[in-house]
Amino acid sequence: IKVLNTKNEYQLILNFYEKIIELSPNDTIAINRKGNFLDKMNKHEEAIECYDKVIELNSKDLDKHIELNPYLNIGYNNKAKSLINLKKYK
């Protein structure tokens, strides 16, 4: 994906990830990336919903060590960034 500079381009990519999620609702990579673009579009609350979904989907196998599941870590890290952007976390 090329470097994106406009909100219209962000919306196109967001639509792309939404289509992937529609076809594969448990695709944590697509859900996480959708959250990233929502965050870039200053839609932090919606981004947090995506990161919560990533965390939920990846928390089902908590018998595995958290470090073995990188998307669980990514979900928590991205959620924290969005909360900081919303001024709800320091």
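Interatomic distance, E18 CD to C50 SG, rounded to the nearest 0.5 Å: 8.5 Å. Between the CG atom of L57 and the CG atom of N32 there is a distance of 11.5 Å, given to the nearest 0.5 Å. In this structure, OG1 on T28 lies 10.0 Å from CD1 on I21, to the nearest 0.5 angstrom. Between atom NE2 of residue H44 and atom OH of residue Y51 there is a gap of 10.0 Å, rounded to the nearest 0.5 Å. For the atom pair CZ of F37 and CD1 of I13, the computed distance is 5.5 Å after rounding to the nearest 0.5 Å. Atom CG of N26 and atom CD of E56 lie 8.5 Å apart (nearest 0.5 Å).
Residues passing the salt bridge (Lys or Arg N to Asp or Glu O under 4.0 Å) test with E46: none are found, sequence neighbours excluded.
Side chains of D39 and K43 form no contact here, defined as non-hydrogen atoms less than 4.5 Å apart.
When all heavy atoms of G35 and A47 are compared, the closest pair comes out as O-CB, 3.3 Å.
The only option from I31, N36, L38 that meets the side-chain contact (heavy atoms from CB on, under 4.5 Å) definition with K34 turns out to be L38.
For the pair K19 and F16, the cation-pi criterion (under 6.0 Å, within 45° of the ring axis) is not fulfilled.
The closest side-chain donor-acceptor pair between N15 and Y10, if any, does not fall under 3.5 angstrom.
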